[in-house]
Amino acid sequence: MLDVNLLKNPSLLKGMLVRRNLQFPLEELLQLDSRRRDLNIKVDEIRHRKNVLANLISTKRKVDSDALEEIKLMNEISNNLSNLQAEKYELDVKFKRLMMMLPNLLLVSVPSGNTESDNVFVRSSGTTRTLNFQPKDHIDLSTSLDLVDFERAAKIAGSRFYFLKNDLVLLNQALIRMALDFLSDKSYILLQPPYMIRKEAMEGAVMLGDFEQVIYKIEEEDLFMIGTSEHAMASMHMNEILEGSKLPIKYGAISPCFRKEAGAHGKDMKGIFRVHQFEKVEQFVYSRPEESEKQHDIMLAVTEDFYEHLGIPTRTMLLCSGDLGKTSAKTFDLEAWMPGQNAYREIVSCSNCIDYQARGLHIRFRDKPNEETRLVHTLNSTLVATERCMVAILENYQTNRGTVEVPGALWKYMNDRKEIEL
RNA sequence: GCGGGGGUCGCCUAGCCUGGUAGGGCGUGGGAUUGCUAAUCCCAUGUUCGAAAGAACUCGUGGGUUCGAAUCCCACUCCCCGCGCCA
């Protein structure tokens, strides 16, 4: 959530909305805000009168006076107040709803643009393996090597589900172990979070409007399936005051991710690239505000390094203002070269959410007791979304014999297996 | 799932039965005083609005009763103990 005080001088908000190329009922929000402020003042005044009168009644009672006049007046005031409070409640609900739909501000280094095609190339890394034959895509490869079963998954769960089979199950686990070791070596605190969290926690981490689009709800329970461990790692310190000396706090979590993919009809319908359920090792950093841009760059470098180790060629893109997620103030994507599709495809998203999540979740820090608290900054990045990464491995490490080599970095996690064959 | 106990201003705790401005201790910050690694005393120490004066809010969360709720009632939630179920 954004700071409500920004509404007092909305030029920043207007600029952000233009840059993000978004329609937003800002005027309506501004009106709600001024009505809300007026009403707050009125309610305060009435409460003050009530408090004074309550004291008066109390003192009169002590000297055996019955205070009938005051009690009568108090009744009137109380009625008046409950009417105003009903109005205030209604107004607050509307206000909060709109306020929570306002996306994050943008950092100045975010380039302006409308779509994916306006994203800015930052750098590429890793060398593309030369394949002197017609490369297959991951669907062909995984099917012919008996590494997946889509039909039976569709039968029991629907489209965008899959069974991993045989060596692909092991490759998935190997990637997870490699990723966890990789982060552990860099002193990240490893986590395995709850896979379901409450609405209160989810709301602070996700945009209200995105809820219905991506998040699965558990029927009859106040629980939602996490779309990523980011949701659990952002909310885990909800309502806490962190010690400044402990920052930055770096977490690395492994969890499955559950996504409705409601807005993705027709996109990537086959294979394991875009699915309802996948595993991901995710980085999450709580940072001091003044350090968050530096931490963002560090996290990006860690991620790029991981794909260097794996031998997967990637390019790093800085997302333009129109392509940026709503909670993020700045995002880099890593795209992997996919020979079978002859294209770069997104495998990593690395974002600085500045104080947006922290404000909604009430996560602050201070260096000394009694010092004024400040909101932390939160950052998140994929290290590896294993299903997408396996798409990249299958397509980049395929051989002209129709088999797939195992990347050297994964050998020790694959019982020294070096090749996947039928 | 059942029964019992609990959640109070950073930490600890009083207040709850019997409704009337949330008190104390520790820690922290500031000040005063004293000739000694320190002691003693005073003030401050949650959030919001406000330039300030001031005001409102805050006793796990949300409702209710009441002129008035930390206190009484209801629901939810988390922690502890016991029972049940269970990989």
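Protein chains get the first letters and strands the later ones, always in sequence-line order, with residue 1 at the start of each.
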Does [X] make a side-chain N or O approach to OP1 or OP2 of [N] shorter than 4.0 Å?
X: A:Ser78; N: B:G68; result: yes
X: A:Asn51; N: B:A56; result: yes
X: A:Asn40; N: B:A55; result: no
X: A:Arg47; N: B:C57; result: yes

Heavy atoms only, 4.0 Å cut-off, all strands: where does [X] land among base, sugar-phosphate and nothing?
X: A:Lys50; result: sugar-phosphate
X: A:Asn5; result: sugar-phosphate
X: A:Arg198; result: sugar-phosphate
X: A:Lys8; result: sugar-phosphate
X: A:Asp222; result: nothing

A:Arg374 and A:Arg288: side-chain contact (heavy atoms from CB on, under 4.5 Å), yes or no, with the steps? CA-CA 9 Å; A:Arg374 288 193 287 158; A:Arg288 307 176 73 89; 3.6 Å; yes
Nearest-Å distance once atom [atom1] is located in both [N] and [M]:
N: B:C76; M: B:G82; atom1: P; result: 24 Å
N: B:C43; M: B:G4; atom1: P; result: 46 Å
N: B:A53; M: B:U58; atom1: C1'; result: 23 Å
N: B:U37; M: B:G54; atom1: C1'; result: 46 Å
N: B:G63; M: B:G68; atom1: P; result: 16 Å
N: B:G7; M: B:G62; atom1: C1'; result: 16 Å
N: B:C11; M: B:U77; atom1: P; result: 24 Å
N: B:C26; M: B:U40; atom1: P; result: 9 Å

Identified pairing partner of [N], criterion: Watson-Crick or G-U wobble below 3.5 Å:
N: B:C76; result: B:G60
N: B:G68; result: none
N: B:G10; result: B:C26
N: B:C41; result: B:G31
N: B:G1; result: B:C83
N: B:U21; result: none

A:Asn104 vs A:Met16 side-chain heavy atoms within contact, under 4.5 Å: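 Sidechains of A:Met16 and A:Asn104: no contact.
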Minimum side-chain heavy-atom gap A:Asp118-A:Pro111 below 4.5 Å: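 No, too far: nothing below the 4.5 Å cut-off.
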Taking the six-membered ring for Trp, are A:Phe306 and A:Phe182 ring centroids under 6.0 Å apart?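 So the answer is yes for these two rings.
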Taking the six-membered ring for Trp, are A:Phe284 and A:His237 closer than 6.0 Å centroid to centroid? no
Does A:Ile41 or A:Ile71 map to a spot on RNA chain B nearer the 5' end, using the closest nucleotide for each?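 Looking at RNA chain B, the more 5' nearest nucleotide goes with A:Ile41.
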Assign each of A:Asn55 and A:Lys72 to its nearest nucleotide of RNA chain B by heavy atoms, then name whichever residue's nucleotide is nearer the 5' end. A:Asn55
Check the distance between [N]'s [atom2] and [X]'s [atom1] and give it to me in whole angstrom.
X: A:Asn239; N: B:G46; atom1: CG; atom2: P; result: 18 Å
X: A:Asp92; N: B:G62; atom1: CG; atom2: P; result: 13 Å
X: A:Phe95; N: B:U48; atom1: CZ; atom2: C1'; result: 13 Å
X: A:Asp3; N: B:U48; atom1: CG; atom2: C1'; result: 12 Å
X: A:Met236; N: B:C78; atom1: CE; atom2: P; result: 17 Å
X: A:Glu76; N: B:G68; atom1: CD; atom2: C1'; result: 16 Å
X: A:Asp38; N: B:U48; atom1: CG; atom2: C1'; result: 16 Å
X: A:Asp367; N: B:U28; atom1: CG; atom2: C1'; result: 14 Å

Closest approach of A:Ile139 and A:Gly271, non-hydrogen atoms and distance? CG1-CA, 3.7 Å
Closest contact, heavy atoms only, A:Tyr251 versus A:Tyr188: O-CD2, 3.4 Å
Mind checking whether A:His276 and A:Phe161 have parallel, tilted or perpendicular rings, split at 30° and 60°?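 Geometry flag for A:Phe161 against A:His276: tilted rings.
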Name the closest nucleotide to the A:Ala54 side chain, picking from B:C57, B:G10, B:G20.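 Side chain of A:Ala54 sits closest to B:G20.
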Looking only at side-chain atoms of A:Ile57, point me to the closest of B:G10, B:A56, B:G20. B:G20
